Amino acid sequence: MSVSRVRDIVNTTTTSSPSTPVPPPPPTLAAFDNFTVGAIRRHIHIKFFEKQHFTLRVIAADLKTAGIILEDTSDTTVWRIMHTMGFQYRLSQRKMYVRRESMDVVCRRIGALRALQRHREEGRKVVYVDETWFTTRMGHSREWVDTTQAPFNTTYSRQLPPGEGERFVVVAAGTDEGFVDGSYLCYPAKTNQGDYHGEMNGELFMRWLTMQLLPSLPEPSVLVLDNAPYNSQLTEESRCPATATRKADLIRWLEQHNISIPPAATRPELLFLWQQNRPQPQYKIDNTIRMWGHDVIRLPPGHPELNAIEQVWGFMKRYVRSTLQRFTRTELRATLDGARQLAHKDVWAGAVQHSRKYEEEYWKTDNIHESVEPIIINIASDDEDDDIFLDSDCE
């Protein structure tokens, strides 16, 4: 025994109080016989075989229902037992996204927040629009695995087929009252049949917008969109060169818009002239929506939290990931129908409330102040109130 170990024992003996009760040790495998431990493992392996996704709370409830463990067994005890048996809740993949905001993004966010507030005060219904996808082999990022088994063994985990499987495209719109009637569209991406086939593009989105969504909207409404490529097609009048445009094309565009070009202008000078005179972007989708008597709010890039339908997509995807067992097209269609039915009014109301909380946080962090009446201060006065100033003046 080393000297440091002896010193630690002496210090522990002299500092501990004999009156302090010693807490009982946490339950371990020693508290369960081999039959119970084997029953727990077989119960979990059956779930792996049936491709069932489960959480700690679910497996604890199932073990109690099956009579394998006592009713008063806590979830923490079940977690400790499973870890002792070699089960782990592992992260299969991790995605990280760090957003760096430019001043342009901040200004666009402030404009979107003010527009949302103005339309709500005018009594317009806010409609959240978006597109997403589902695959026949969707799974959770974390799954329970039995580390005592080989990874290729069927008893290692809920074995999922490799790859993403077949992709289904879903586009819809909704409010705090649920999905807009007739707006839900789901179709397989890799097919050549039907009016909707292939990945979502500008033509398909315009067809869905004019044939399914706009005729069903109550007036007046305001549509919240992101900046996906399929709904960001520019009109011919607002098309302009980009920073990678050739010098000859820049000169041609400036001449077409009657912008004077200095003699022997270099490419950086031409780009500077283009930036000073380029028109505001006009989108085909926005013009179509306004023709139907509605308005549009475009969210800045990287702000899915302000689009409430993103929360609904997450709710539906969690359900699909936990329910799929055969990973076929037919099963995915049926599961999507069930997920859509479960995304009822209460789910949508919660999603909208969640997005509005983010709006409130941005109103605080972006230091947005509502317009106030001007305050006139007589500088020549000796009144003590002359020292009063607005809080916004010092921020």
Side-chain angles (χ1 to χ4, degrees), residues 25-97 132-168 188-190 313-336 338-339 342:
T28 60
L29 285 181
F32 298 88
D33 53 21
N34 293 334
F35 178 81
T36 303
V37 173
I40 294 175
R41 190 179 299 276
R42 286 192 298 272
H43 192 84
I44 296 176
H45 286 175
I46 290 175
K47 288 189 173 294
F48 288 164
F49 178 76
E50 294 177 351
K51 303 295 190 296
Q52 296 183 16
H53 176 267
F54 58 90
T55 61
L56 178 65
R57 183 174 300 177
V58 170
I59 193 62
D62 289 349
L63 293 174
K64 294 175 184 177
T65 303
I68 300 176
I69 61 177
L70 299 177
E71 289 291 337
D72 58 351
T73 306
S74 65
D75 293 350
T76 304
T77 301
V78 176
W79 175 85
R80 187 179 295 111
I81 293 170
M82 292 180 63
H83 271 256
T84 306
M85 294 174 62
F87 290 98
Q88 296 182 6
Y89 199 61
R90 287 187 172 178
L91 180 66
S92 59
Q93 58 181 354
R94 184 178 183 183
K95 296 181 179 179
M96 297 183 63
Y97 174 68
T132 188
W133 52 266
F134 295 80
T135 66
T136 56
R137 298 176 183 177
M138 295 181 66
H140 287 276
S141 59
R142 287 180 179 268
E143 295 276 352
W144 279 103
V145 300
D146 187 354
T147 57
T148 64
Q149 306 294 317
F152 54 84
N153 199 324
T154 56
T155 57
Y156 174 76
S157 68
R158 183 177 75 128
Q159 298 292 325
L160 301 179
E164 292 187 355
E166 188 174 358
R167 181 190 295 260
F168 276 67
K190 294 183 179 180
W313 293 148
F315 171 84
M316 294 179 61
K317 287 187 176 182
R318 286 192 296 271
Y319 175 81
V320 172
R321 289 189 177 101
S322 302
T323 307
L324 286 180
Q325 297 182 14
R326 293 188 297 272
F327 308 101
T328 61
R329 174 193 287 194
T330 304
E331 185 192 23
L332 179 59
R333 279 190 177 276
T335 305
L336 280 174
L342 290 176

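Reckoned from all heavy atoms, side chains included, excluding hydrogens, waters and symmetry mates. Source: prediction; values computed, not measured.
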Met85 and Ile44: CA distance, side-chain angles, deciding distance, side chain to side chain contact (heavy atoms under 4.5 Å, CB included) verdict | CA-CA 11 Å; Met85 294 174 62; Ile44 296 176; 5.8 Å; no
Going by atom types alone, do Gln52 and Lys47 pair a side-chain donor with an acceptor below 3.5 Å?
-> yes
If I take atom [atom1] from residue [X] and atom [atom2] from residue [Y], how far apart are they, to the nearest 0.5 angstrom?
{"X": "Thr323", "Y": "Leu332", "atom1": "OG1", "atom2": "CG", "value": "11.0 Å"}
{"X": "Asp62", "Y": "Phe54", "atom1": "CG", "atom2": "CZ", "value": "9.0 Å"}
{"X": "Arg158", "Y": "His53", "atom1": "CZ", "atom2": "NE2", "value": "6.0 Å"}
{"X": "Ile59", "Y": "Ile69", "atom1": "CD1", "atom2": "CD1", "value": "8.5 Å"}
{"X": "Met316", "Y": "Thr335", "atom1": "CE", "atom2": "OG1", "value": "10.5 Å"}
{"X": "Asp75", "Y": "Met82", "atom1": "CG", "atom2": "CE", "value": "11.0 Å"}

Considering non-hydrogen atoms only, spot the tightest contact between [X] and [Y] and give its length.
{"X": "Phe327", "Y": "Arg137", "answer": "CD2-CA, 3.9 Å"}
{"X": "Leu56", "Y": "Trp79", "answer": "CD2-CB, 3.6 Å"}
{"X": "Ile68", "Y": "Thr36", "answer": "O-CG2, 3.5 Å"}
{"X": "Pro188", "Y": "Arg333", "answer": "CD-NH2, 3.2 Å"}
{"X": "His43", "Y": "Ala66", "answer": "CE1-CB, 4.4 Å"}
{"X": "Ala339", "Y": "Tyr319", "answer": "CB-CD2, 3.6 Å"}

Backbone N/O of Glu166 and side chain of Thr136: donor-acceptor pair under 3.5 Å = yes
Spell out, as yes or no, whether a donor-acceptor pair under 3.5 Å connects the side chain of Thr147 to the backbone of Gly86.
-> yes
With sequence neighbours left out, the residues meeting salt bridge (charged side-chain N to carboxylate O under 4.0 Å, His left out) with Arg326 are none
Would you mind reporting whether Phe168 and Arg329 have side-chain heavy atoms less than 4.5 Å apart?
-> yes
Under 4.5 Å between any side-chain heavy atoms of Leu324 and Glu331, yes or no?
-> yes
Mutual orientation of the aromatic rings belonging to Phe134 and Trp313 [parallel < 30°, tilted 30-60°, perpendicular > 60°] | perpendicular
Quick one: list whatever passes side chain to side chain contact (heavy atoms under 4.5 Å, CB included) with Asp146, sequence neighbours left out.
-> Arg41, His45, Phe48, Phe87, Thr148, Gln149
